[in-house]
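Note sheet for the following structure.
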Amino acid sequence: MKQASHSPDLTRLSRHIPRTPSIGSTTVTDEDHVHLSFGFAAPELFPLATLEQAAGEAIRTHGREALQYSGAPGPDDIVKWIEQRAHHNGLDVDSAHVLVTYGATQGLSLAAQLLLEPEDEVWTEAPTFFSALQAFRLSGAVIRAFPLEADGLNVELLEQALQEARATERPLPKLLYTMPTYHNPGGVTLSVAKRHRLIELAREYHFYVLEDDAYGELNFTGQPWPTLYSLAPERVIYLNTFSKIIAPGLRLGWMIAHPELIQRLRILMLGGSTGVFTQEIVAALLQNIDMNEHLERLRTHYRQQRDVMAAAIDRHLGDAVRYVLPEGGFFLWISFREVIDTTELQQRAFTYGVSIVDGRSFYPQRDVGHQLRLCFSYCNSEQIEKGIARLARAYTDYVAEQEAVQLNTLEYHNRV
Ligand SMILES: Cc1ncc(COP(=O)(O)O)c(C=O)c1O
């Protein structure tokens with residue numbers, strides 16, 4: 001008798017399933033290994049005591065409802081908090097504008113589901129957040145990317161592309177995805193003038209803007225940035241998250257958009273609302289924490305970590321690299337002056353005891369190879385220093401090896 005195969009038939013999977021897994025997990029167990037690849041929050045800044053108290057309170061006061069599908073007050077309290085925070089940041093919203101999600105990542109997927117059909121155009125920055133690329137690939141949309149500059153997306157090139165598409169009757173984008181403030185991975189921020197121009201273009205060419213503001217609160221300079229949503233609430237779907245300001249393990253984020261859009265997004269949230277129990281805990285936490293004080297603590301800490309990393313890069317890599325000093329967020333994006341392949345460097349650096357993420361992972365076509373992302377949020381100062389020193393050694397050895405190969409090839413060609 002023929003044995004049934006125990007392997008799944010992978011040819012039956014959706015053709016939209018991305019071939020590359022998401023970045024951000026690792027199996028390294030060596031304690032000395034330095035993880036500059038993780039976009040993780042600093043674990044020492046999790047408000048553990050307040051969370052423990054909040055979790056106890058959630059169970060004691062509303063445990064029976066909070067462990068049901070619905071019925072506990074936490075979800076409404078969270079929406080009220082989001083409304084208040086939005087007002088504090090200059091957004092005019094009420095509860096009809098808000099949808100609480102399983103992290104900003106679910107917001108990305110929901111926005112893609114709401115707007116994109118196979119072959120639709122979605123335009124992004126290059127580089128951009130890799131999970132957004134995954135969400136867009138899953139939708140079957142065509143991704144087109146526009147370069148980042150020191151002051152954010154190159155809006156001029158975007159405008160030229162829009163004009164060209166219109167003139168030649170090529171497809172215009174349905175959606176533009178952007179991280180205007182403290183970009184991941186670019187670390188840059190979109191200037192105010194460009195924000196206004198981008199919104200004018202969205203209105204003129206009728207595309208939606210998906211504004212990912214995951215790092216907006218982690219501002220190191222105190223300079224406020226107007227959100228794109230505040231400039232055009234009818235054109236912008238706004239994403240934010242508790243991951244960077246409380247803890248990512250909560251898996252809690254939110255979307256802000258026009259109530260007509262929120263209503264439809266809610267329909268896409270199969271399974272009802274986001275985890276009620278987690279929301280009950282976070283609602284209790286938000287009541288017991290002084291958020292402004294907590295945010296100041298985060299900003300001070302991450303600013304220091306950024307400075308430690310920038311100083312280490314200057315010391316160990318010096319003129320070999322260029323970067324824009326980020327004014328907020330988690331990431332420092334470096335470009336090597338030499339034409340090198342950071343995918344290869346990443347592998348070598350790993351064997352030297354440091355993880356980084358190669359630049360290719362952030363480009364839709366994986367076609368730009370001389371950049372890489374470093375994260376200063378997760379490691380302590382000592383680890384950052386050690387990690388950058390290891391990266392610099394890996395780079396020096398890598399370049400020396402490349403040069404030796406080139407020299408050998410040259411000698412060989414001269415001989416034959
Ligand atoms: C730009 C950006 N958006 C969204 C997310 C995901 O946030 P969440 O943890 O809420 O899903 C991240 C996290 O790395 C991010 O960098």
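Just follow the structure's listing: the first ligand is 1, and inside any ligand the first atom is 1.
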Note the single closest protein heavy atom to [atom], along with its residue, its atom name and the distance in Å.
atom	value
atom 2 (C) of ligand 1	Asp212 OD2, 3.4 Å
atom 9 (O) of ligand 1	Ser243 OG, 2.6 Å
atom 16 (O) of ligand 1	Tyr215 OH, 2.5 Å
atom 6 (C) of ligand 1	Thr105 OG1, 3.3 Å
atom 12 (C) of ligand 1	Phe129 CZ, 3.4 Å

Q. Does ligand 1 have a heavy atom under 4.0 Å from the side chain of Ala214, from its backbone, from both, or from neither?
A.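 The part of Ala214 near ligand 1 is the side chain, not the backbone.
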**Q.** Near-ring test Phe331/Tyr215, centroid separation under 6.0 angstrom
**A.**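 Yes, ring centres under 6.0 Å apart.
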Q) How about Tyr302 and Phe376: are their ring centres within less than 6.0 Å of each other? A)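 No - the distance between ring centres of Tyr302 and Phe376 does not fall below the 6.0 Å cut-off.
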Q) So is Arg235 actually on top of Tyr208's ring, under 6.0 Å and inside 45° of the axis? A)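 Verdict for Tyr208: a cation-pi partner in Arg235.
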Q.
Would Arg373 pass as a cation-pi partner of Trp333, given that its NZ or CZ must be under 6.0 Å from the six-membered ring centre and within 45 degrees of the axis?
A.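 Negative - Arg373 is either too far from the ring of Trp333 or too far off its axis.
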Q | Closest contact, heavy atoms only, Ala41 versus Phe46 | A |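 For Ala41 versus Phe46, the nearest heavy atoms are CB-CE2, 3.8 Å.
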Q.
Angle between ring planes, His97 versus Tyr229, binned at 30° and 60°: parallel, tilted or perpendicular?
A.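 If you compare the ring of His97 with that of Tyr229, the planes turn out perpendicular.
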Q) Just wondering, are more than 12 heavy atoms of other shown residues or ligands nearer than 6.0 Å to CD in Gln160? A)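 More than 12 heavy atoms, drawn from other residues, nucleotides or ligands, come within 6.0 Å of this atom.
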**Q.** Among Tyr238, Phe146, Phe207, Phe136, ring-ring contact (aromatic ring centres under 6.0 Å, His included) partner for Tyr177
**A.**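 One option only clears the test, and that one is Phe136.
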Ligand 1 contact by [X], heavy-atom criterion under 4.0 angstrom:
X	answer
Arg251	yes
Gly253	no
Lys244	yes

Q. With only distance considered, is Ala104 within less than 3.5 Å of ligand 1 through an N or O on each side?
A.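 Checking ligand 1 against Ala104, an N or O pair does fall under 3.5 Å apart.
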(Q) I'd like to check which ligand 1 atoms, numbered from 1 as shown, lie under 4.0 Å from a non-hydrogen atom of Asn184. (A)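 Ligand 1 atoms under the 4.0 Å threshold to Asn184: 15 (C), 16 (O).
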Q) Should you measure from each heavy atom of Thr241, which atoms of ligand 1 turn up under 4.0 Å away? A)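 Near Thr241, the atoms of ligand 1 are 8 (P), 10 (O).
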